[in-house]
Enquirer: 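Got a structure here, written out as C-alpha cells. Questions coming.
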2 protein chains.
Amino acid sequence: MQPRPRTIPEATVARLAVYLRVLATLADGGRSTVSSGELASAAGVNPAGLRKDLSHLGPCGVRGVGYDVALLRDRLTRVLGVERAHGCVLVGIGNLGSALADYAGFGTRGFEFVGLFDASPARIGQRIGSLQVRALDELEDVVAATGASIGVLTTPAEVAQRVCDRLAAAGVRSILNFAPVTLTAPAGVDVRKVDLSVELQVLAFLGQQRVPAGVGESA
Amino acid sequence: MQPRPRTIPEATVARLAVYLRVLATLADGGRSTVSSGELASAAGVNPAGLRKDLSHLGPCGVRGVGYDVALLRDRLTRVLGVERAHGCVLVGIGNLGSALADYAGFGTRGFEFVGLFDASPARIGQRIGSLQVRALDELEDVVAATGASIGVLTTPAEVAQRVCDRLAAAGVRSILNFAPVTLTAPAGVDVRKVDLSVELQVLAFLGQQRVPAGVGESA
DNA sequence: GGCACTTTGTTCCTGCGTTCACAAGCGGCT
DNA sequence: AGCCGCTTGTGAACGCAGGAACAAAGTGCC
C-alpha cells in the first residue's frame, strides 16, 4: 500500500542530496534528461549504486532514455523534505558561525537562518546578512515563534552540551554540531557532528600510510 | 614480523581521532587511567567496538585496570601521524576560509597552516593570524618550499577542480574539500569532502521521516 | 510492424563493519 | 601464596552496504 518502503538507508540519503545538487546544476545548464552513468560520474559514485539509491523512491526513470532532470529533481526535493524551507537557529557567532550565517548556499537549498545567538555582549546586536545577533536568553522564544526545526552549534566545546540541552528542550529536533565534543541528546533528537580536526587527522593517517616514510630510508 | 597489520579501516581511524581528543581532555583533568567503558561512553560508541578499534594497534591496555591515559594518547598520536605537525595550505579566503585559518583548534592537534591563498586582489595581503594571504600564483612555490602535505579548499565550486589539479600537481597528497562539488584527483591523492548542505539535508530528511508532519494537519 | 539497441530496475553475491559473548590475564585482598 | 573480581583482547555471528551481472521495457530505425 505504501509506495515507499519508508526506510531509506542513511548513507543513501546523503547521496541523494548530492544527486540533487548535480541535478540542479544540470537543470541550470538546460539539460532535460540524464543517464545513470552520467549522473553517477558527476556525483562520484557507481552507476549501479545510483540506480539502487533511486529505486528506493520508486521507478522514476524511463528505460532506454534515462531520467528526466526536472522531474527527478522535484522528486528528490520532496523526498528529502526540503520542499518547504526549514528554519534554522545558529548558536555561537564566532568566526565559523559568522561564515555559516553568511553562506548563501543554504538559502537556495531549503534552509533559512531565523535566529543567530551568542553569549558575548560584544556580539549581540551585530548584523550578519539580514539578521541581528541576539542574546542567548531569547533562544527559546525565537524557536517557539519561528518554529525552527534545526539548530546549528558553533559554540566552544565547553558550552555545547548545555546549548544542546536548551535547543532540545525548546523543541528543536535536529542538531548539527561543529563543536569538538560528543553530544548526548534526548531520544527523538537527531545529532550530526562535523569535526574538522577528525577529517584532517584521517587525511594525515592515510597520507602517512600510503608512504611509510622513514621505514626503509636506510638506503 | 610487522607489529601492526598495517591496514586499519577508515571508519576506525576516524574514531581513533575522537578517542584521542577525549584522552587529551582526560589528561588535562588529571586522570591517569580509563576503562574502555568510560572512554566509549565519552566518545559515544560501543565499548566492544572501542576495544576492537584499539586492538588494531596492538595490546595497549592492562587487564583488570584499563588504559593508561598518557600512554594511549601518545600511541594514538603516533599512529595517526600527528606526531609532527603537518603543513596545510588553504585556498579560498572567504568567510569560511578565514574562519578556518583563524581556528586555534588545528594548531594544537598537529596541523599548521603554512600558506593562505586567494585569487581576489582585494584579499591578497590581508593578514589572518600570523599569515598573510598570498596570490594564487605562489601556490606551487609555497608548497614546494614548505613541504605542505595537505590542502584545504574553501573556494567557490566553479574553480575548485582547477585548484585541486594544481594542488595535486604541486605535490599535495591530501585534500579536504569544502566546495560543493565532487572532485576528481589523480591516484595517490586522497580527497575528503565536507558538505554542509548535505548534512543539513540529511537532518531534514530524518526529521520529516520521524514525524510525517503535514499528513494529519487538516486543522 | 518487427527488430535491435539502449538504459533502467532488480537480484545475487561478496566483503566489511558492528555487535555480542567468551576466554585470558592482571591486580588486590585475604 | 592463593583466590576472586575486574577488564582487556579476541573469535564468531549478524546485518548492511557496495558491486557486478541479468532480465524487463521502451525507443528509434528499418
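Lettering of chains follows the sequences in order, A, B, ..., and the numbering in each one begins at 1. These numbers come from the heavy atoms of this one structure, side chains and all, not from hydrogens, waters or symmetry mates.
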Enquirer: Could you check how far CG of B/Asp68 sits from P of D/dT7, rounded to whole Å?
Expert: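 Atom CG in B/Asp68 sits about 16 Å away from atom P in D/dT7.
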Enquirer: Relative to the 5' end of DNA chain C, which residue comes earlier, B/Ala11 or A/Pro59, by the nucleotide with the nearest heavy atom?
Expert: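 By nearest-heavy-atom nucleotide position, the 5'-most residue is A/Pro59.
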Enquirer: Going by modelled atom types, is there a donor-acceptor pair between the base of D/dT8 and the side chain of B/Arg63 at under 3.5 Å?
Expert: yes
Enquirer: Round to the nearest Å and state the distance from B/His56 atom NE2 to C/dC16 atom C1'.
Expert: 11 Å
Enquirer: Under the side-chain hydrogen bond (donor to acceptor under 3.5 Å, both in side chains) rule, collect the residues that match up with B/Arg21, sequence neighbours excluded.
Expert: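 B/Arg21 satisfies side-chain hydrogen bond (donor to acceptor under 3.5 Å, both in side chains) with A/Asp195 once adjacent residues are dropped.
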Enquirer: If I take atom OG1 from residue B/Thr7 and atom NE2 from residue B/His56, how far apart are they, to the nearest 0.5 angstrom?
Expert: 7.0 Å
Enquirer: What is the distance, rounded to the nearest whole Å, between atom CD of B/Glu38 and atom P of D/dT7?
Expert: 10 Å
Enquirer: Between D/dA17 atom P and A/Leu54 atom CG, what is the distance in whole Å?
Expert: 17 Å
Enquirer: Without decimals, in angstroms, what is the distance between B/Leu72 CG and D/dT8 C1'?
Expert: 12 Å
Enquirer: Does the side chain of B/Tyr67 get closer than 4.0 angstrom to OP1 or OP2 of C/dC26 through an N or O atom?
Expert: no
Enquirer: Taking 4.0 angstrom as the limit, do A/Arg78 and A/Glu83 come out as a salt bridge?
Expert: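 A/Glu83 and A/Arg78: not salt-bridged.
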Enquirer: Using the closest heavy atom to pick a nucleotide of DNA chain C for each, name whichever of A/Gly64 or A/Gly61 lands nearer the 5' end.
Expert: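 Nearest nucleotide further toward 5': that of A/Gly64.
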Enquirer: Using OP1 and OP2 only, check whether a side-chain N or O of A/Arg15 sits under 4.0 Å from D/dG18.
Expert: yes
Enquirer: Could you tell me whether the side chain of B/Arg166 reaches within less than 4.5 Å of the side chain of B/Leu136, counting heavy atoms only?
Expert: yes
Enquirer: Taking 4.0 Å as the cut-off, does a side-chain nitrogen or oxygen of B/Ser36 come that near to OP1 or OP2 on D/dT8?
Expert: yes
Enquirer: Just the rounded figure in Å: distance from C1' of D/dA17 to CD1 of A/Ile8.
Expert: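 Distance check: A/Ile8 CD1 to D/dA17 C1' gives 15 Å.
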Enquirer: Taking the side chain as C-beta and beyond, is there a heavy-atom pair between B/Leu196 and A/Phe106 under 4.5 Å?
Expert: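 Yes, side chains in contact.
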Enquirer: Counting only heavy atoms and a strict 4.0 angstrom limit, can you tell me which residues of residues 39-52 of chain A come near DNA chain C?
Expert: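 Output list: A/Arg51, A/Lys52.
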Enquirer: Of the non-hydrogen atoms in A/Glu140 and A/Ala170, which two are nearest, and what is the gap between them?
Expert: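 A/Glu140 and A/Ala170 have their closest heavy atoms at CG-CB, 4.0 Å.
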Enquirer: I need the B/Ile175 CD1 to B/Cys164 SG distance, nearest 0.5 Å.
Expert: 4.0 Å
